[in-house]
Amino acid sequence: MSELSVKHLLGIKYLKEADIQLIFETADHFKEVINRSIKKVPSLRDITIANIFFENSTRTKLSFELAEKRLSADVLNFSASQSSVTKGETLIDTVNNILSMKVDMVVMRHPNPGAGIFLSKHVKASIVNAGDGAHEHPTQALLDSYSIREKLGDVAGKNVVIVGDILHSRVALSNIFALKLQGANVKVCGPKTLLPKYIDSLGVGVETNLRKALEWCDVANMLRIQNERLDISYFPTTREYTQQFGVNKKLLDSLDKEIVIMHPGPINRGVEITSDVADSKQSIILNQVENGVAIRMAVIYLLASKIK
Ligand code: CP
């Protein structure tokens with residue numbers, strides 16, 4: 001396979017396993033490029049990309065911008081809070097105004113699930129979903145699987161547990177789709193109130209005992225409680241949540257094997273993960289961030305080849 005089966009990256013749900021392998025092979029090449037003394041290639045000199053963020057971001061926004069600049073694309077950065085969106089402009093009007101400036105690709109983060117899908121039906125540019133509400137965060141799942149592949153050699157056959165607020169997490173859903181597509185065994189672990197009712201239909205196991213989940217897994221992906229999306233209380237107190245679902249060094253060291261610890265960030269240190277675990281040699285959290293640039297270069301490069 002030499003090209004993606006999709007024109008947009010709206011979610012992992014729309015990808016085939018071969019798409020993921022093509023993205024990984026392309027990212028392998030770009031990872032080598034960004035570790036050279038000259039970290040830039042001229043591949044996308046004729047492409048203009050707009051990063052439009054309607055929600056806050058540190059890692060995803062900087063990582064996309066760096067990936068685009070490493071590929072020599074022209075880059076526009078748009079933050080909704082400093083734009084005419086605050087004066088009542090609609091999403092389609094905003095994007096059409098940006099596109100009239102001859103933009104080829106839009107990378108968008110939006111609080112509404114399906115915002116990227118909606119946009120892809122109304123505008124000509126290629127759309128990359130950088131996180132849409134509690135729906136999907138496809139490049140995060142790609143960089144997570146890529147980091148597992150780098151650390152453990154392969155994703156197929158590995159036991160991966162995703163711990164925390166599964167109900168409100170776009171990282172959880174995209175990771176479930178990506179890991180299942182590659183043949184990993186997936187479990188979720190968290191308070192019952194933070195597991196979606198449809199979880200069984202996703203073909204994953206459910207474990208509400210964290211120790212049992214950690215004893216089973218090769219990799220634990222620790223998620224933050226998505227406080228910005230909680231409309232009611234889903235557990236009694238943060239302290240109680242941490243006691244039941246937080247990973248600390250004592251728990252980690254009491255397991256009879258060394259598991260890999262992941263976190264998509266931002267971390268709430270001392271809630272879902274203690275600092276000594278986040279900063280331990282079992283943690284690949286910063287490797288995930290590093291790999292994010294190569295993965296996003298690969299995604300943008302492969303999508304751009306379809307609009308030329
Ligand atoms: N992982 C992630 O999406 O982080 P940001 O919200 O900082 O982009």
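Just follow the structure's listing: the first ligand is 1, and inside any ligand the first atom is 1. From a predicted model like this one, the values you see are computed outputs, not experimental measurements. We're numbering straight along the sequence, starting at 1. The basis for the numbers below is simple: all heavy atoms, side chains too, and nothing from hydrogens, waters or symmetry mates.
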Exercise answer: donor-acceptor pairs, residues 109-120 side-chain atoms, under 3.5 Å, sequence neighbours excluded:
unit_1 : atom_1 : unit_2 : atom_2 : d
Arg109 : NE     : Ala130 : O      : 2.9
Arg109 : NH1    : Asn56  : O      : 3.0
Arg109 : NH2    : Thr60  : OG1    : 3.0
Arg109 : NH2    : Ala130 : O      : 3.2
Arg109 : NH2    : His137 : NE2    : 3.2
His110 : ND1    : Asn112 : N      : 3.1
Ser120 : OG     : Ile117 : O      : 2.7

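- Applying the ring pair (Phe, Tyr, Trp, His ring centres under 6.0 Å) rule to pairs touching residues 272-306 yields Phe30-Tyr301, sequence neighbours excluded.
- Residue pairs that meet the ring pair (Phe, Tyr, Trp, His ring centres under 6.0 Å) test with at least one member in residues 161-204, sequence neighbours left out, are His168-Tyr234.
- Side-chain contact between Leu143 and Arg296 is present, with at least one heavy-atom pair separated by less than 4.5 Å.
- For Lys151, the NZ atom counts as loosely surrounded, since its 6.0 Å shell holds 12 or fewer non-hydrogen atoms of other residues, nucleotides or ligands.
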Pairs of nitrogen or oxygen atoms, one from ligand 1 and one from the protein, closer than 3.5 Å: please tabulate them with distances.
unit_1   : atom_1 : unit_2 : atom_2 : d
ligand 1 : 1 (N)  : Gln140 : OE1    : 3.1
ligand 1 : 1 (N)  : Pro264 : O      : 2.9
ligand 1 : 1 (N)  : Gly265 : O      : 3.2
ligand 1 : 3 (O)  : Thr60  : OG1    : 2.9
ligand 1 : 3 (O)  : Arg109 : NH2    : 3.0
ligand 1 : 3 (O)  : His137 : NE2    : 2.9
ligand 1 : 4 (O)  : Arg59  : NE     : 3.1
ligand 1 : 6 (O)  : Arg109 : NH1    : 2.8
ligand 1 : 7 (O)  : Thr58  : N      : 2.8
ligand 1 : 7 (O)  : Arg59  : N      : 3.1
ligand 1 : 7 (O)  : Arg59  : NE     : 3.3
ligand 1 : 7 (O)  : Arg59  : NH2    : 2.9
ligand 1 : 8 (O)  : Ser57  : OG     : 2.6
ligand 1 : 8 (O)  : Thr60  : N      : 3.0
ligand 1 : 8 (O)  : Thr60  : OG1    : 2.6
ligand 1 : 8 (O)  : Arg109 : NH1    : 3.4
ligand 1 : 8 (O)  : Arg109 : NH2    : 3.3

Checklist entry - Could you walk me through whether Asn291 and Ser147 pass the side chain to side chain donor-acceptor pair (under 3.5 Å) check? => result CA-CA 7 Å; Asn291 287 334; Ser147 301; 3.0 Å; yes

